[in-house]
Amino acid sequence: MWARVVSALSSARRGVARYPVAAFMLISVGAGFVTAAVPPIVDYEILPFGLPLHGVVGGVLGVGLAAFLVTAALAGRAGVADLVRRIVRWRVSVCWYLVALFTVPAGATLISLAIYGPRVLVAPSGGWPRVLAEVAAVFVLQLVLFQLPEEIGFTGFLQDHWQGRYSPLKLTLYVALLWAVWHLPDHFAEEGWGVEQLISAPVVFVVEFVSLFFARALFVWFYNLTGSSVLLVAIFHASFDAAYNQLCYDVVPGSNTARFLIFSAVIVVFATAVIIATKGQLGRRAAARSVEGEIAVEHALDDAARREDPRRSDSRDASDRQQGGDQNAV
């Protein structure tokens, strides 16, 4: 009996190692749909500020756990240790913390000021200290319960796994595509499981994919320039979600649609600027040529020159023979 269990686990591990991305998505999306379909999890209000419990359960038991399981199957303890190091990598320049924390709230406030004028800065009921304290509390909850598990999976595993396989923009596109698939259970958890929700799901998916593409471009850029810090990516992600879920009601005196468009505009403009400024490289450094690589390039150029001009080859051979004769004479 025990031998069968060990054999089954060994076979499962080989299967996960052979198809790591498929295994990661199967676990992640499966956990998302299961938690979104269980009424006690969807309806239970245990978290403050209206944060969804199904998002925590699906994120931690789905994406976060999947990242560690697949990494263990692929690279064993060494791979898991490397993933943990990237998750807790916090020693980066202070400027990256400032960018991660304040870009979205500051950018959204400036855009709202340009549209609505000074009334954006009118103190809300309870005053700005209360508002900012609530935003800070939501940020901490979002970071620990939602964004860190999510980015452990989609940045620490998936993005890093594909990092050397695709160009930065292709990497952004592919990760954003699977990221949008993972968000689909949220649509059903919030809207229900009727026919109408099923029909609207493709539209929701397209909107999610477009917005997540620009967000992922920034995450790829952050990851490359902070020494592969999953933590910094999660902080930026949590800053956006906390500002959109809590601060937007006080700095955008408009409809929910206006709030969504203003906060999304910050991400789109920022990401577009980064893509243009980096020429699509998103902070990825070109690999340095090795000595062997330089020699190989020189030989390839010599071969091409010989094919174009045979006399050059004969002249070089004669020169080589002459140098050999001189050395023998010495």
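What you are looking at is a predicted structure, and each value in this text was computed from that prediction instead of being measured.
A donor-acceptor pair is defined here as one N or O able to donate and one able to accept, closer than 3.5 Å; such a pair exists between the side chain of Arg13 and the backbone of Ala72. Not one N or O on the side chain of His187 forms a donor-acceptor pair closer than 3.5 Å with the backbone of His183. Judged by distance alone, the side chain of Ser229 and the main-chain N or O of Arg89 form a donor-acceptor pair under 3.5 Å. Although no hydrogens or angles enter the test, the distance criterion places no donor-acceptor pair under 3.5 Å between the side chain of Arg130 and the main chain of Pro124. When atom types are taken as modelled, the side chain of Ser200 and the backbone of Gln197 share a donor-acceptor pair closer than 3.5 angstrom.
When all heavy atoms of Val122 and Trp128 are compared, the pair lying nearest together is O-CZ2, 3.8 Å. Counting all heavy atoms, side chain and backbone alike, Ile262 lies closest to Ala108 at CG2-O, 3.7 Å. Of all the heavy atoms in Phe24 and Ala66, the pair that sits closest is CD1-CB, 3.7 Å. Taking all atoms of both residues into account, the shortest heavy-atom contact from Pro149 to Val60 is CG-CG2, 3.9 Å.
Rounding to the nearest 0.5 Å gives a distance of 9.5 Å between CD1 of Ile152 and CG of Leu231. The distance from atom CG of Leu232 to atom NE2 of His237, rounded to the nearest 0.5 Å, is 14.5 Å. Atom OG of Ser239 and atom CZ of Phe139 lie 6.5 Å apart (nearest 0.5 Å). For the atom pair CD1 (Ile87) and CG (Leu148), the distance works out to 6.5 Å, reported to the nearest 0.5 Å. Note that CG of Leu247 and OG1 of Thr109 are 5.5 Å apart. Values are rounded to the nearest 0.5 Å. Expressed to the nearest 0.5 Å, how far OG1 of Thr172 lies from CG of Leu177 amounts to 12.5 Å.
Classification of the Phe33-Phe188 ring pair by plane angle, with boundaries at 30° and 60°, yields tilted. Under the 30°/60° scheme for interplanar angles, the aromatic rings of Phe157 and His161 are found to lie parallel.
No donor-acceptor contact under 3.5 angstrom links the side chains of Asn224 and Gln281, judged on distance only.
Under the salt bridge (Lys or Arg N to Asp or Glu O under 4.0 Å) criterion, Asp241 pairs with no residue, sequence neighbours left out.
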Would you mind writing out the side-chain donor-acceptor pairs for residues 207-223 within the sub-3.5 Å range, not counting sequence neighbours?
unit_1 : atom_1 : unit_2 : atom_2 : d
Ser211 : OG     : Val207 : O      : 3.1
Ser211 : OG     : Glu208 : O      : 3.0
Arg216 : NH1    : Thr155 : OG1    : 2.8
Arg216 : NH1    : Gln159 : OE1    : 2.8
Arg216 : NH2    : Glu151 : OE1    : 3.2
Tyr223 : OH     : Arg86  : NH1    : 2.9
Tyr223 : OH     : Asp160 : OD1    : 2.8

